[in-house]
Peer 1: 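Mind having a look at this structure? Questions to follow.
All of these numbers come straight from a predicted model, not from anything done at the bench. Both ligands and their constituent atoms are indexed starting at 1 by order of listing. Atom set for the values below is all heavy atoms of this structure, side chains included, hydrogens, waters and symmetry mates excluded.
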Amino acid sequence: MRPRGTGARESSDLPAPGAGCRPYRLAVLVSGRGSNLQAILDAIAAGTLHAIVVGVFSDRAEAQALQRARAAGVHAEALSPRDFPSRAAFDQALFARIDAVAPDLIVCAGYMRLIDATALAPRAGRIINIHPSLLPAFKGLHTHRQALRAGVREHGASVHFVTPDLDGGPLIAQVRVPVEPCDSEASLAARVLAREHPLLVASLRLFAAARVTLDEDGVHVDAHALTAALQLSCNDAFA
Ligand code: GRF
């Protein structure tokens, strides 16, 4: 592990990531099952994502995702929010640990805790989240229930930059999933989850190739401003 440095930009000490260069360094934040983390680990192992997971961090020691990380030989640790007097104090401790592994990108993959604005500000453009809805529709929890109650015919998942606005940061990419008349919350969740995994991996491939940036004008892909989220097609490529 690299020594701790002064802040969130430690990975800039390293050579640039990208094709033919060093693997892109990912820190992954998790709270539960960890199927999205597993999709990342599997893509790396299969050689379809030129990246390395340099650490997995959780607010829940019992998260299955931590076991998945350890089984893959990845550094994994949990901090309990109960051991800290405030959200800001918890996040300060958490992100000090994350900084120590010098990630290029921090990926919230089923991380169920709000992140304090003071932790986000110095890392703007370096934290993304995957959310199981077609944002801006159905923010927050129970998105599949929300979708069924709203009677929508199409649901899906979104990858977006994390800002203090809950599930409201700039969109990067989405995948669309039909809602079937007979769907239950569980069947819809399963169908969306199966598409979340390729969406996240395809999005990370863009980051690993240094093709995505965020600045004050918004998201850019290949230096072109995104006017709408990229859409993952059924062959797992962006249309
Ligand atoms: C996923 O649906 C993700 O989009 C949401 O929480 C769920 C986590 O699943 N934020 P897993 O822990 O990756 O299996």
Side-chain angles (χ1 to χ4, degrees), residues 26-45 49 51 53 55-72 74 76-79 81 94 105-115 120 127-150 152 154-179 183-205 207 229-232 236:
L26 301 171
V28 185
L29 287 173
V30 294
S31 295
R33 177 180 55 189
S35 68
N36 278 286
L37 168 68
Q38 191 67 57
I40 297 170
L41 293 168
D42 291 349
I44 292 171
L49 175 62
V53 178
V56 173
F57 302 87
S58 183
D59 59 333
R60 295 183 192 166
E62 70 281 9
Q64 188 193 346
L66 294 172
Q67 296 167 29
R68 294 181 190 263
R70 291 177 185 131
V74 171
E77 62 180 307
L79 288 184
L94 178 69
L105 188 73
I106 301 163
V107 183
C108 297
Y111 185 61
M112 304 307 285
R113 199 178 150 79
L114 290 174
I115 299 173
L120 292 175
I127 307 188
I128 65 167
N129 179 49
I130 183 158
H131 180 80
S133 79
L134 292 173
L135 289 170
F138 314 133
K139 297 178 178 179
L141 298 174
H142 308 303
T143 58
H144 312 301
R145 191 182 309 166
Q146 291 186 58
L148 289 174
R149 283 189 183 154
V152 293
E154 197 174 46
H155 188 36
S158 305
V159 171
H160 64 94
F161 284 105
V162 177
T163 66
D165 183 12
L166 174 69
D167 300 326
L171 284 170
I172 302 161
Q174 293 183 320
V175 66
R176 310 183 96 81
V177 171
V179 179
D183 262 330
S184 64
E185 206 175 321
S187 66
L188 184 56
R191 191 175 318 111
V192 171
L193 188 69
R195 297 302 290 146
E196 279 185 43
H197 299 159
L199 174 68
L200 183 57
V201 170
S203 301
L204 292 176
R205 251 185 237 125
F207 277 94
L230 300 171
Q231 299 293 318
L232 193 77
D236 293 349

Peer 1: Please determine if Leu37 has a nitrogen or oxygen closer than 3.5 Å to a nitrogen or oxygen of ligand 1.
Peer 2: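 Leu37 vs ligand 1: no N/O contact under 3.5 Å.
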Peer 1: Could you tell me, atom by atom, which parts of ligand 1 come under 4.0 Å of a heavy atom of Gly110?
Peer 2: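 Those of ligand 1 that fall under 4.0 Å from Gly110 are 6 (O), 8 (C), 10 (N).
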Peer 1: Would you say the side-chain atoms of Thr143 pair up with the backbone N or O of Phe138, donor to acceptor, closer than 3.5 Å?
Peer 2: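 It does not hold such a pair.
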Peer 1: Nearest non-hydrogen atom to atom 2 (O) of ligand 1 belongs to which of Arg68, Glu196, Met112, His131?
Peer 2: Glu196
Peer 1: Apply side-chain hydrogen bond (donor to acceptor under 3.5 Å, both in side chains) to the pair His155 and His144, showing each step before the final yes or no.
Peer 2: CA-CA 8 Å; His155 188 36; His144 312 301; 2.9 Å; yes
Peer 1: For Asn129 and ligand 1, does the shortest N/O to N/O distance drop below 3.5 Å?
Peer 2: no
Peer 1: Are His197 and Asn36 close enough that some pair of their side-chain heavy atoms sits under 4.5 Å apart?
Peer 2: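 They are in side-chain contact.
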Peer 1: Checking a contact table here: which protein heavy atom is nearest atom 10 (N) of ligand 1, and how many Å away?
Peer 2: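 Answer, as residue, atom name and distance: Ile130 O, 3.2 Å.
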Peer 1: Between the side chain of Ser58 and the main-chain N/O of Val30, is any donor-acceptor distance below 3.5 Å?
Peer 2: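 Yes, because the side chain of Ser58 sits within donor-acceptor range (under 3.5 Å) of the backbone of Val30.
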Peer 1: Which of the numbered atoms in ligand 1 are below 4.0 angstrom from a heavy atom of Arg33?
Peer 2: 9 (O), 11 (P), 12 (O), 14 (O)
Peer 1: Any side-chain to backbone donor/acceptor pair from Gln174 onto Leu135? Under 3.5 Å, distance only.
Peer 2: yes
Peer 1: Should one rank Pro132, Gly34, Gly32 by closest heavy-atom distance to atom 12 (O) of ligand 1, which comes out on top?
Peer 2: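 Result: the heavy atom closest to atom 12 (O) of ligand 1 is in Gly34.
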Peer 1: Ignoring hydrogens and angles, tell me if any N or O in the side chain of Gln231 forms a donor-acceptor pair with the backbone of Ala229 under 3.5 Å.
Peer 2: yes
